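Heads up: the structure comes next, in structure tokens.
Counting begins at 1 with the first residue of the sequence. Order of appearance sets the numbers: ligands from 1, and atoms from 1 within every ligand. Please read all numbers here as calculations on a predicted model, not as lab measurements.
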Amino acid sequence: MLTFAIFSLLLHFAMQASPPLDQVFQYIDEHQDDYVQHLKEWIAIQSESSNPTKRDDVIRMMQVVGETIKRLGGTVELTDVGNEELPSGKIIPLPPVVLGKLGKDPNKTTVGIYGHVDVQPARFEDGWSTDPYLLTEKDGNLYGRGSSDDKGPVLAWLHAIEAFQALKQELPVNLKFIFEGMEESGSKGLDELLKAKNETFFSNIDYIVISDSAWLSKKPALTYGTRGLCYFIIEVQCANQDLHSGLYGGTVHEAMTDLIALLDSLVNSTGYVLIPGIDSDVVPLTNEERVLYKEIEFNLEAFKHTIGTTELLHKTKEDVLLHRWRFPSLSIHGIEGAFSGPGAKTVIPAKVTGKFSIRLVPNMDPDKLSNQVMTYLNGVFAARGSPNQMQVALESGSKAWVAHVTDKQYDAGRRAISKVFGVEAELIREGGTIPVARSLQHTTQKSVMMLPIGSPDDRIHSQDEKLSRDNYINGTKLFAAYIAEISQH
Ligand SMILES: *[C@@H]1O[C@H](CO)[C@@H](O)[C@H](O)[C@H]1NC(C)=O
Ligand SMILES: *[C@@H]1O[C@H](CO)[C@@H](O)[C@H](O)[C@H]1NC(C)=O
Ligand SMILES: *[C@@H]1O[C@H](CO)[C@@H](O)[C@H](O)[C@H]1NC(C)=O
Ligand SMILES: *[C@@H]1O[C@H](CO)[C@@H](O)[C@H](O)[C@H]1NC(C)=O
Ligand SMILES: [Zn+2]
């Protein structure tokens with residue numbers, strides 16, 4: 001009995017003194033300069049997916065990702081997803097999607113990791129302080145296009161795995177990788193691939209984790225929802241040529257006047273969307289859910305300061321976040337064909353095209369919304385009695401995504417965050433649209449979680465994109481901890 005007690009105590013002590021994860025963390029700390037160097041190599045590849053002249057760079061990037069997985073002992077398929085037709089009619093190949101596998105122990109949980117290694121275009125002349133494709137470290141930040149979105153997070157996963165291996169620790173999970181090169185250009189080809197591989201590659205995946213977004217504050221977060229988007233255009237035509245207001249003003253039903261009235265009918269000055277029925281499918285907010293918002297760290301003053309505004313549409317932190325993530329919103333983006341140059345040109349535009357969009361939340365449906373919008377705008381237009389031609393069209397539509405936060409992987413994510421950062425995870429949503437989260441969940445019917453490591457001030461898609469060294473390295477630890485935690489299910 002006593003010997004057993006001592007044995008237990010010793011065992012307990014041994015586990016406390018050097019639990020395997022602590023060794024992994026230490027290894028990650030010691031190798032952080034290598035990880036930065038590795039990121040530098042990836043950032044040097046100008047994998048801009050929207051730029052056809054860089055398509056070879058994107059393809060090379062996919063090969064580099066594949067080789068990195070192979071070096072970890074994984075198997076890789078560079079999966080052909082077809083071609084892309086450019087507006088010019090020219091046809092170029094889409095970059096292959098990297099589907100990788102590491103481990104196939106039937107007794108272990110299988111985790112699918114999604115990321116992307118294409119980037120938004122970047123030029124030094126756009127106003128960058130440093131060469132966007134030369135990783136530059138300054139004040140603890142790693143500047144370069146793709147550092148935060150999304151090459152840094154993808155590498156952090158691969159480094160976390162490599163750390164287990166270097167320490168000869170058995171990986172406690174099987175891993176599958178889904179790394180694409182068209183995310184910044186609508187993930188072309190991915191939906192078809194998910195469907196085609198649903199019964200094979202995806203069938204034995206238990207959980208899918210995405211690291212392609214950011215925290216809301218300095219507190220690490222788990223993201224469980226994103227809004228969808230419907231983009232509309234309204235076209236109004238009053239003449240077959242632009243007219244001079246001195247000659248024709250006072251004689252015609254002007255297209256621009258109609259368009260402004262139509263746009264003005266969409267939303268009132270307190271931000272309320274005036275389209276009848278728009279709220280009919282919005283999932284009602286529960287009290288439990290509202291409580292979640294109370295606990296979120298979000299500084300309204302800092303938010304206002306970032307925007308450069310003195311007053312927001314809503315007064316409290318909860319209401320601002322709810323309207324950013326949880327309720328639909330409507331924004332007017334622009335008018336094509338309207339005079340917008342300097343000076344006082346007296347033109348009456350013949351044809352103008354207004355552009356607006358609505359962010360969708362669960363359970364709004366793009367087709368139903370589109371019908372509501374068209375019925376409403378046709379009614380507003382008819383009431384004006386204008387003889388002009390007016391057309392409303394839905395340019396693109398995608399649904400919102402929301403995960404089940406009670407899924408086991410959210411527990412694992414929470415525990416991993418508290419292990420690495422010593423704080424409770426913040427549960428957040430995104431106001432923007434990350435269609436792949438919904439596609440993955442909807443097609444494969446697996447649990448999907450977003451486990452971001454970026455900061456809200458990383459300036460993704462913008463000049464001087466960065467990832468802090470702290471987030472990169474602590475993020476690598478977070479992924480290692482997640483792997484350890486999720487294996488216990
Ligand atoms: C899986 O677990 C069972 C029961 O513990 C064991 O008999 C079997 O050998 C394990 N399979 C592998 C591949 O480790
Ligand atoms: C906007 O519409 C909502 C709902 O009808 C209303 O409560 C609000 O007062 C309106 N705002 C203004 C400025 O009219
Ligand atoms: C994040 O990383 C930095 C440097 O690697 C470290 O000093 C800091 O303690 C880490 N933060 C947490 C909360 O672990
Ligand atoms: C994909 O496979 C899962 C089972 O792994 C199934 O539940 C789901 O319905 C399938 N999706 C499609 C689109 O067939
Ligand atoms: Zn991204």
Side-chain angles (χ1 to χ4, degrees), residues 39 42-43 47-50 58 61 65 95 97 99 102-122 132 144-157 170-174 176 178-188 190-215 223 226 229 398-399 401 404 407 430-448 450-456 458-462 465-467 471-472 475 487-489:
L39 183 59
W42 279 28
I43 286 199
S47 51
E48 301 174 355
S49 54
S50 63
V58 186
M61 189 67 231
V65 174
V97 174
L99 293 180
L102 182 60
K104 51 175 183 201
D105 184 336
N107 290 346
K108 290 181 185 168
T109 299
T110 299
V111 175
I113 297 168
Y114 165 88
H116 69 89
V117 289
D118 60 315
V119 296
Q120 287 276 332
R145 173 58 89 223
S147 54
S148 179
D149 181 20
D150 184 37
K151 289 177 177 176
V154 168
L155 267 175
W157 277 113
E170 187 182 337
L171 272 175
V173 294
N174 304 314
K176 291 203 169 180
I178 307 106
F179 293 144
E180 68 159 318
M182 284 301 282
E183 197 275 344
E184 302 292 1
S185 301
S187 292
K188 293 190 180 75
L190 190 69
D191 273 344
E192 294 72 16
L193 178 75
L194 297 185
K195 288 187 188 111
K197 298 275 183 184
N198 188 51
E199 311 293 327
T200 52
F201 183 84
F202 288 95
S203 66
N204 69 343
I205 293 182
D206 298 300
Y207 302 102
I208 297 177
V209 57
I210 299 176
S211 188
D212 181 24
S213 57
W215 302 343
T223 311
T226 59
L229 179 71
S398 63
K399 290 186 182 172
W401 164 71
H404 309 287
D407 280 357
E430 282 273 336
T433 306
I434 305 180
V436 70
R438 189 191 143 74
S439 299
L440 283 167
Q441 182 171 310
H442 185 71
T443 304
T444 68
Q445 296 289 316
K446 312 287 180 187
S447 160
V448 173
M450 304 212 319
L451 184 59
I453 61 171
S455 285
D458 282 352
R459 289 186 294 273
I460 64 165
H461 296 198
S462 187
E465 176 180 348
K466 60 90 177 160
L467 177 67
N471 280 40
Y472 185 38
S487 72
Q488 287 163 22
H489 286 297

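Counting only N and O atoms by type, the side chains of S50 and E184 include no donor and acceptor under 3.5 Å apart.
Residue S211 comes nearest to P153 through the heavy atom pair O-CB, 3.5 Å, listed as atom of the first residue, atom of the second, then distance. For H461 against E465, the heavy-atom pair with the smallest separation is N-OE1, 4.2 Å. In terms of heavy-atom proximity, D118 sits nearest to S185 at OD2-N, 4.3 Å. When all heavy atoms are compared, the tightest approach of K446 to S203 is NZ-O, 3.0 Å.
Looking at T443 next to ligand 4, an N or O pair under 3.5 Å apart turns up.
Below 4.0 Å from some heavy atom of Q445 lie the following atoms of ligand 4, by number and element: 7 (O), 8 (C), 9 (O). In summary, the atoms of ligand 4 found under 4.0 Å from a heavy atom of N198, numbered by their order in the structure, are 1 (C), 2 (O), 3 (C), 8 (C), 10 (C), 11 (N), 12 (C), 14 (O). For ligand 4 and T444, the ligand atoms under 4.0 Å from any heavy atom of the residue are 3 (C).
For D212, the N/O/S atom at the shortest distance from the Zn ion (ligand 5) is named OD1.
Side-chain contact between K466 and S455: present, with at least one pair of heavy atoms (C-beta onward) separated by less than 4.5 Å. A heavy-atom distance below 4.5 Å is not found between the side chains of R438 and T226. Between F179 and I113, the closest side-chain pair of non-hydrogen atoms falls below 4.5 Å.
At least one heavy atom of K446 sits under 4.0 Å from some atom of ligand 4.
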Note down each nitrogen or oxygen pair, ligand 1 side and protein side, whose separation is under 3.5 Å; give only atom names and the distance to 0.1 Å.
from     : atom 1 : to   : atom 2 : distance (Å)
ligand 1 : 2 (O)  : N107 : OD1    : 3.4
ligand 1 : 2 (O)  : N107 : ND2    : 2.2
ligand 1 : 11 (N) : N107 : ND2    : 3.0

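For the atom pair K188 NZ and L193 CG, the distance stands at 15.5 Å (nearest 0.5 Å). Once rounded to the nearest 0.5 Å, the distance linking NE2 of H116 with CD1 of I210 reads 10.0 Å.
Residue contact annotation: E184 places no N/O/S atom under 2.8 Å from the Zn ion (ligand 5). The Zn ion (ligand 5) lies under 2.8 Å from an N, O or S atom belonging to D149.
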